[in-house]
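Here is the structure we will look at, set down as structure tokens.
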Amino acid sequence: MLKTRIPQPKGRRASASSGELQTACLLSPEFFARPPRGVARALLGKLLMRREGDELLAGRIVETEAYLGQADPAAHAAAGRTARNSVLFGPPGHAYIYFIYGNHFCLNVSCLPPGEAGCVLLRALEPVMGTGLMAHNRGLGPSRTGTAARLLTSGPGRLCQAFAITRLRDNSKDLTAPASDLTLWDDGFRPRHIVSTPRIGITKAAEAMLRFYITGNRFVSGKRD
DNA sequence: ATATCGATTATCT
DNA sequence: GATAATCGATATG
């Protein structure tokens, strides 16, 4: 099992992060080879990491949504396999990235064995490492505290911009591969409480409780402050 | 070939 | 709270 050392900021009390240095394990393909609902819950508290040359970005996953595959009317896989969504039908633990509203990218992780097209959308992260570069990628000033920090990664489009995630660069990338520059890790953090709600921004199957977030975390997307 | 709309965000009032 | 921005995927003729 591949491990690495993840430096962390001294967390304030309300923050999901705490401690200073943690050993983290790369998530395995098996972690994702199960139904998206369970993966979406299990991904809360895990770390997304990006290698940018000699710089490192890290964010803790605090909000997710599950998309169940061909049987889910809200899923991109609902109409079957296309060139755009083919990653969803491939092996678990790979990045499915799509372009939305003419402006934004969204990052999903494929779930279930090959042939089944479930996935989990990453909706919000709590910044852990590399906030300066995140702010630069977002076109924001260097401020990284208070309400301004929420603008870095609180939303599916925002977190992709902060991590410089694009379809061209990252679609189909294996997020469980040690050599990948975009990876998912478990540093042992476990959320205290998880809330489930309807998914955001969809019209079909809008009542299903498939959005999950860490209770009380200030980096969850939506209105705050 | 053209029209519609979206798993969003920023910027108004 | 409301809406413009922006473009690729998909549906329709």
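Here is how names work: the chains are called A, B, and so on, in the same order as the sequence lines, proteins then strands, and each is numbered from 1. As a basis for the values below, the full set of heavy atoms in this structure was taken, side chains included, without hydrogen atoms, waters or symmetry mates.
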| Would you say the side-chain atoms of Arg211(A) and Thr197(A) include a donor-acceptor pair closer than 3.5 Å? | yes

| Whole angstrom value for the distance that separates P of dT9(B) from CG of Leu140(A) | 13 Å

| request: Determine, stepwise, if the pair Glu65(A) / Arg199(A) fulfils salt bridge (Lys or Arg N to Asp or Glu O under 4.0 Å). | output: CA-CA 7 Å; Glu65(A) 280 178 1; Arg199(A) 293 175 290 188; 5.5 Å; no

| field | Interatomic distance where CG belongs to Leu122(A) and C1' belongs to dT8(B) [whole Å] | value | 16 Å

| request: Indicate, with yes or no, if Phe105(A) and Ile100(A) share a hydrophobic cluster defined by side-chain heavy-atom contacts under 4.5 Å among Ile, Leu, Val, Met, Phe, Trp and Tyr. | output: no

| said: For a 4.0 angstrom threshold against heavy atoms of chain A, report the outermost contacting nucleotides of DNA chain C in 5' to 3' order. | reply: dA5(C) to dT10(C)

| message | Taking any heavy-atom pair under 4.0 Å as a contact, classify Arg138(A): base, sugar-phosphate, or nothing. | response | sugar-phosphate

| What integer distance in Å separates Arg211(A):CZ from dA7(B):P? | 15 Å

| task | Find the distance Ile97(A):CD1 to dT8(B):C1' and express it as a whole number of Å. | result | 16 Å

| field | Within-4.5 Å side-chain heavy-atom neighbours: Glu63(A) and Val220(A) | value | yes

| field | Heavy-atom side-chain proximity of Arg50(A) to Asp181(A) below 4.5 angstrom | value | yes

| query | Which part of the nucleic acid does Ala79(A) contact within heavy-atom distance under 4.0 Å: base, sugar-phosphate only, or nothing? | reply | nothing

| query | Which residue lies toward the 5' end of DNA chain B, Ile202(A) or Gln161(A), if each is placed at its nearest nucleotide? | reply | Ile202(A)

| said: Taking 4.0 Å as the cut-off, does a side-chain nitrogen or oxygen of Arg84(A) come that near to OP1 or OP2 on dG6(B)? | reply: no

| query | Could you state the interatomic distance from CZ (Phe212(A)) to OG1 (Thr64(A)), rounded to the nearest 0.5 Å? | reply | 6.5 Å

| said: Does the structure place the NZ or CZ of Arg167(A) under 6.0 Å from the centre of the six-membered ring of Tyr98(A), at an angle of no more than 45° from the ring's axis? | reply: no

| request: Decide yes or no for Cys111(A) and Val120(A): does some side-chain heavy atom of the first lie under 4.5 Å from some side-chain heavy atom of the second? | output: yes

| request: For Asn103(A) and for Arg167(A), find the nucleotide of DNA chain C with the closest heavy atom, then tell me which residue's nucleotide is more 5'. | output: Asn103(A)

| field | Salt-bridge present (Glu52(A), Arg169(A); N to O < 4.0 Å) | value | yes

| If the C1' atom of dC5(B) is compared with that of dT3(C), how far apart are they to the nearest Å? | 16 Å

| request: Please state how far atom CD1 in Ile200(A) lies from atom C1' in dT8(B), giving the value in whole angstrom units. | output: 11 Å

| field | Watson-Crick and G-U pairing of DNA chain B written in dot-bracket, each distance under 3.5 angstrom, with | for inter-strand partners | value | ||||||.|||||.

| Does a nitrogen or oxygen in the side chain of Arg158(A) sit under 4.0 Å from OP1 or OP2 of dA10(B)? | yes

| query | Nearest-Å distance, CZ (Arg123(A)) to P (dT9(B))? | reply | 7 Å

| Tell me: CZ of Phe99(A) to C1' of dG6(B), nearest whole Å? | 12 Å

